[in-house]
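Working notes, structure below.
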Amino acid sequence: MAQKPSIPKGTRDFSPAEVAKRNYIIQIIKKHFKTYGFQPIETPSFENFDTLMGKYGEEGDRLIFKILNSGDFISKVDDVTYSSKKSGSLTPKISDKALRYDLTVPFARYVVMHQNEIDFPFKRYQIQPVWRADRPQKGRFREFYQCDADVVGANSLLQEVEFVQLYDAVFTDLGLKGTTVKINNRKVLSGIAEVIGAKHLLIDFTVALDKLDKIGEEKVKAEMLEKGISENAIAKAQPLFGMSGSASEQLGQLKDLLTDSEIGLEGVAELEEILNTIDTIGLQSAKLELDVTLARGLNYYTGAIFEVAAPDGVKMGSIGGGGRYDDLTGIFGLKDVSGVGISFGLDRIYLVLEELDLFPKSLDISLDVLCLNFGDREGLASLKLVSALRNLGLRADLYPTAAKFQKQLKYANKRGVPYVILLGEKELTEGTFVVKNMETGDQKAYTLENATEFAAEIN
RNA sequence: GUGGUUGUAGCUCAGCUGGUUAGAGCGCUGGAUUGUGGUUCCAGAGGUCGCCGGUUCGAACCCGGUCUUCCACCCCA
């Protein structure tokens, strides 16, 4: 009995129309990556277990897809570990490989392994799928694409500025107006944690703070309390909850709050410089916004943090994110190499463009011209004509069988082919072919020797 | 990982307090129309009611389990 086919939860098949749209987005992102001087690399879809584990926090470890070892892996586990039934200690013994969780950590690994062949500063881009063992939701999949651009070996804040411009360039080109690039700085968050006396609870503090616009002040404070941050400390952080006004006003408030924190003031200065530079240069369609509550869970970020929100009114999580990480390669043994990078969430951008109907209509056309098939004799002449059109760069096809006229036209109609060629007995004897415009219904004859004339007209 | 939700024809969905042969629209196939598609008309095909088990004389409907969908949390692109 045939089994009912299915695909794993959170994965998808892509139809020709969907692939066309996805390629359209990728091609635009790639174009801008290249014009900004980034070079492509690719890394394996799975890495060593130890390369990935521990880089994304406790939650991240849970969401990494582990690959079971080959062979009789269970017999190699010692009895104590086996009978303890603890996944945490058993997993490393039965799995030594895991699917890529993001593109940043594999890149850091790549940089360390190839440090002697890389010219720093190294700007690379990478467009590949990543996997997360998450529970699917709208815009959240277990297999999805990230499009990353990172620079390593450059400390200059100009890199941050450049990434804001890059975001703006890509979203402008995609016709996606009104995106917001939110920026914050980990040093500011560290500074705040420091001055309120919750330095050791930085992660818990930022994770809670990050939810401010979503769950409100009271609930954020409740969560902080629950995580062990004292009432006194929360009171000291009070200015954060009421931050408002322009970026420079907010920066002023931050300076007051952080007067006793060297690192905090450093963060403020960095933000100030990035915001001022962008202000001077200007952006096309995006806006850059300071958001002191922006945290981002990934704990390898040390400086600037970015997150991109879709235009107002589109219900979608962030469509991009990134930041600076000063010591990611340090974990793999290469010290003092700073990196900054951003990521575009292809699958979410797709959903947003779809919702706002921003895909070019031309993407629906997968074939420029279809030649109808009238039989063997006409078919031969048609095949020659189609070959000639293909050589001219047109997407051309010959209907494979001499099916009923109506059936062939219906097929052309459903494929959305704009032009159909009729080359029947009459045309064959006259040495011509007739082109039918499927939209208007108009028909026009051309001589067979002069296929270029037709090709030129529709281009 | 926690809580909830969904599943009936290729698609979108009806289907009453459990009751005979489970319906509609769209799509599909054929015909009206053997050189003219989109519109119209006619006819037809297509369903283990997600899967497994239970209750019942009888289950698409009630119960349990499981998978899937979507949502909230966690977290994130």
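Note that the coordinates shown come from a computational prediction; the quantities given were computed from them, not determined experimentally. Residue numbering restarts at 1 for every chain, and letters A, B, ... go by the order of the sequence lines.
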Would you classify [X] as touching base, sugar-phosphate or nothing, given that sugar-phosphate means primed atoms plus P, OP1 and OP2, and contacts are heavy atoms under 4.0 Å?
{"X": "A:Glu378", "value": "nothing"}
{"X": "A:Gly416", "value": "nothing"}
{"X": "A:Leu422", "value": "base"}
{"X": "A:Tyr145", "value": "nothing"}
{"X": "A:Gly57", "value": "nothing"}

Practice prompt. Say whether A:Ser338 and A:Asp326, considering side chains only, have a donor N or O and an acceptor N or O under 3.5 Å apart.
Written response: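 Present: a donor and an acceptor within the cut-off.
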Separation of [N] [atom2] from [X] [atom1] (nearest whole Å):
{"X": "A:Gln137", "N": "B:rC76", "atom1": "CD", "atom2": "P", "value": "13 Å"}
{"X": "A:Ile421", "N": "B:rU36", "atom1": "CD1", "atom2": "P", "value": "19 Å"}
{"X": "A:Leu351", "N": "B:rC70", "atom1": "CG", "atom2": "P", "value": "11 Å"}
{"X": "A:Trp131", "N": "B:rA77", "atom1": "CH2", "atom2": "C1'", "value": "15 Å"}
{"X": "A:Tyr301", "N": "B:rA77", "atom1": "OH", "atom2": "P", "value": "7 Å"}
{"X": "A:Lys404", "N": "B:rU29", "atom1": "NZ", "atom2": "P", "value": "12 Å"}
{"X": "A:Arg142", "N": "B:rG1", "atom1": "CZ", "atom2": "C1'", "value": "13 Å"}
{"X": "A:Lys219", "N": "B:rC73", "atom1": "NZ", "atom2": "C1'", "value": "11 Å"}

Would you please indicate yes or no on a ring centroid separation below 6.0 angstrom for [Y] and [X]?
{"X": "A:Tyr399", "Y": "A:Tyr411", "value": "yes"}
{"X": "A:Phe144", "Y": "A:Tyr350", "value": "no"}
{"X": "A:Phe163", "Y": "A:Tyr36", "value": "no"}

Between [X] and [N], is there a contact of a side-chain N or O with OP1 or OP2 at under 4.0 Å?
{"X": "A:Lys414", "N": "B:rG27", "answer": "no"}
{"X": "A:Gln408", "N": "B:rG37", "answer": "no"}
{"X": "A:Lys138", "N": "B:rA72", "answer": "no"}

Closest nucleotide among [options] to the [X] side chain:
{"X": "A:Ser318", "options": "B:rG38, B:rA77, B:rC75", "answer": "B:rA77"}
{"X": "A:Phe141", "options": "B:rA77, B:rC74, B:rG37", "answer": "B:rA77"}
{"X": "A:Lys426", "options": "B:rG35, B:rG1, B:rC76", "answer": "B:rG35"}
{"X": "A:Phe405", "options": "B:rC74, B:rU36, B:rG37", "answer": "B:rU36"}

Decide yes or no, distance alone: a donor-acceptor N/O pair under 3.5 angstrom between the base of [N] and the side-chain of [X].
{"X": "A:Arg135", "N": "B:rU2", "answer": "yes"}
{"X": "A:Arg132", "N": "B:rC76", "answer": "no"}
{"X": "A:Lys9", "N": "B:rU68", "answer": "no"}
{"X": "A:Arg140", "N": "B:rC70", "answer": "no"}

Fill in: Partner residues of A:Phe374 under the ring-ring contact (aromatic ring centres under 6.0 Å, His included) criterion, sequence neighbours left out
A:Phe405
Fill in: Ring centroids of A:Phe144 and B:rA77 base under 5.5 Å with planes under 30°
yes
Discussion item. Could you identify the nucleotide paired to B:rU69, looking across every strand shown and requiring Watson-Crick or G-U wobble geometry with both distances under 3.5 Å?
Written reply: none
Worksheet item: Hey, which of these two, A:Gly320 or A:Pro136, hits RNA chain B nearer its 5' end, going by closest nucleotide?
Response: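 Checking each residue's closest nucleotide, the 5'-ward one belongs to A:Pro136.
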Fill in: Residue mapping more 5' on RNA chain B - nearest nucleotide basis, A:Lys407 or A:Gln443
A:Lys407
Worksheet entry | Cation-aromatic face contact A:Arg132/A:Tyr101, 6.0 Å, 45 degrees | yes
